[in-house]
Amino acid sequence: MFMSIRPSQRRVAFGLGALVLALGTGLPAFAQTATPAPVPDVSQPEPPASALAAARDVVVSSGMSRSFEPMVPQLTEQIVPMLTRTRPELTADLTVVLKDLQPEFVKDGEQMTDIAAHIYARRMSEQELKDTAAFFNSPVGKKYVDIQPAMLDELVVAMQSWTQKLSSIMMTRVRQEMIKKGHNDF
């Protein structure tokens, strides 16, 4: 069954999932080891700088980079309860430390835009990236990016309803076919 989540959570879910996958670990491991964010697969040749610039333009102009922005604040919010669960006396100092480190973390968070640009630059030609960026920088592309969150929210709600309806139809049809095969208690 489809889990019901708030719209704001849906918007960042992709980003958080990508971050956790990119780290290759869960948040607790991230917090304990403070390992730097992984760099793109270096076994592939580095795309030309001009292709990377075009890819970065796509990542930013398409609105993808804005889905990365909430990751650092959300991870920061999760660190305090995780680290003070058994040591609540650390809360005040930890809050100050996190506030002082925020610029550093925000800078680290910007690495995801560069990682995404590398991925795009490896999968699309420079001309394709420029054409894609041209669309997203056009009036209709900007409108698409502006209304995309609302469309995705609406789409998720529609998918929940469709999934529930489809699940019911599928179960009914499977039962009917199993009864035809003599499984009357199915």
Side-chain angles (χ1 to χ4, degrees), residues 1-33 35 37-38 40-41 43-44 55 58-86 109 111-124 128-129 131-133 135-136 138 140-186:
M1 176 173 279
F2 216 82
M3 196 169 106
S4 178
I5 57 176
R6 293 184 309 207
S8 62
Q9 292 172 320
R10 284 193 295 263
R11 274 182 243 163
V12 297
F14 166 76
L16 284 173
L19 178 62
V20 170
L21 288 174
L23 292 172
T25 62
L27 182 59
F30 167 75
Q32 292 170 359
T33 61
T35 55
D41 184 3
S43 64
Q44 298 181 14
V58 171
V59 171
V60 173
S61 63
S62 70
M64 178 183 289
S65 62
R66 73 180 175 200
S67 68
F68 305 145
E69 293 169 3
M71 288 186 224
V72 169
Q74 288 193 356
L75 289 172
T76 301
E77 288 177 14
Q78 293 175 11
I79 286 174
V80 173
M82 184 172 48
L83 296 180
T84 59
R85 190 172 304 136
T86 57
Q111 290 178 340
M112 193 58 216
T113 298
D114 291 332
I115 291 169
H118 276 82
I119 292 170
Y120 274 57
R122 286 195 309 257
R123 300 216 175 243
M124 298 175 74
E128 290 169 336
L129 290 165
D131 291 346
T132 303
F135 165 73
F136 284 119
S138 72
V140 70
K142 288 179 180 177
K143 180 177 181 179
Y144 175 83
V145 171
D146 286 344
I147 64 173
Q148 190 180 34
M151 289 190 303
L152 290 175
D153 287 346
E154 194 173 333
L155 182 60
V156 168
V157 171
M159 282 182 60
Q160 287 175 331
S161 175
W162 173 77
T163 302
Q164 290 171 352
K165 182 180 175 184
L166 181 61
S167 174
S168 177
I169 290 171
M170 290 174 69
M171 287 302 293
T172 299
R173 288 291 298 124
V174 167
R175 281 191 182 111
Q176 290 170 345
E177 294 303 315
M178 291 298 283
I179 289 171
K180 288 180 185 176
K181 292 186 176 294
H183 301 286
N184 293 330
D185 58 343
F186 191 78

Chemist: Are any of the side-chain heavy atoms of Lys143 and Asp146 separated by less than 4.5 Å?
Modeler: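 No, every pair of side-chain atoms sits at 4.5 Å or beyond.
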Chemist: Hey, could you give me the CG/CE distance between Leu152 and Met159, rounded to the nearest 0.5 Å?
Modeler: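 Going from the CG atom of Leu152 to the CE atom of Met159 covers 10.5 Å.
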Chemist: Suppose the criterion is salt bridge (charged side-chain N to carboxylate O under 4.0 Å, His left out): which pairs have a residue in residues 157-172, not counting sequence neighbours?
Modeler: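 Non-adjacent pairs meeting salt bridge (charged side-chain N to carboxylate O under 4.0 Å, His left out): zero.
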Chemist: In the structure I gave you, are the side-chain heavy atoms of Lys180 and Glu177 within less than 4.5 Å of one another anywhere?
Modeler: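 Touching, per the 4.5 Å side-chain cut-off.
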Chemist: With sequence neighbours excluded, what pairs up with Ile179 under the side-chain contact (heavy atoms from CB on, under 4.5 Å) test?
Modeler: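 In terms of side-chain contact (heavy atoms from CB on, under 4.5 Å), with neighbours along the sequence ignored, Ile179 is linked to Asn184.
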Chemist: Looking at every heavy atom in both Ala117 and Ala55, which two are closest together, and how far apart are they?
Modeler: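 That would be O-CB, 3.2 Å.
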Chemist: First locate atom OG1 of Thr76, then atom CD of Gln74, and finally report the distance between them rounded to the nearest 0.5 Å.
Modeler: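 Reported value, rounded in 0.5 Å steps: 10.0 Å.
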Chemist: Ser62: what forms a side-chain contact (heavy atoms from CB on, under 4.5 Å) with it, not counting sequence neighbours?
Modeler: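 Here the qualifying residues are Met64, Phe136.
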Chemist: Residues two or more places apart in sequence or in another chain: which of them pass side-chain contact (heavy atoms from CB on, under 4.5 Å) with Glu128?
Modeler: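 Scan of Glu128 (side-chain contact (heavy atoms from CB on, under 4.5 Å), adjacent residues dropped) gives Met124, Ser125.
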Chemist: Answer yes or no: are there more than 12 heavy-atom neighbours, outside Met151 itself, under 6.0 Å from its atom CE?
Modeler: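 Counting other residues, nucleotides and ligands, CE of Met151 exceeds 12 neighbours.
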Chemist: For the residue pair Val59 and Phe68, establish whether any side-chain heavy-atom pair is separated by less than 4.5 Å.
Modeler: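 Contact flag for Val59/Phe68 side chains = yes.
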Chemist: With a 3.5 Å distance limit and no angle check, can you tell me whether Ser167 reaches the backbone of Thr163 through a side-chain donor-acceptor pair?
Modeler: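 Checked: no pair found.
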Chemist: Looking only at non-hydrogen atoms, find the nearest pair between Val58 and Leu129 and report the distance.
Modeler: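 Scanning both residues completely, I find the closest heavy atoms to be CG2-O, 3.2 Å.
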Chemist: Working to the nearest 0.5 Å, report the span between CD of Gln148 and CG of Leu155.
Modeler: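 If we round to the nearest 0.5 Å, Gln148:CD and Leu155:CG are 10.5 Å apart.
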Chemist: Taking atom OH as the centre, does Tyr144 end up with more than 12 heavy-atom neighbours from other residues, nucleotides or ligands that are less than 6.0 angstrom away?
Modeler: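 Result for OH/Tyr144: open.
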Chemist: side-chain contact (heavy atoms from CB on, under 4.5 Å) with Thr84: which residues, sequence neighbours excluded?
Modeler: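 Thr84 satisfies side-chain contact (heavy atoms from CB on, under 4.5 Å) with Val80, Leu90, Thr91, Leu94 once adjacent residues are dropped.
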Chemist: Would you list the pairs meeting salt bridge (charged side-chain N to carboxylate O under 4.0 Å, His left out) in which at least one residue belongs to residues 59-85, sequence neighbours left out?
Modeler: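 Qualifying pairs: none.
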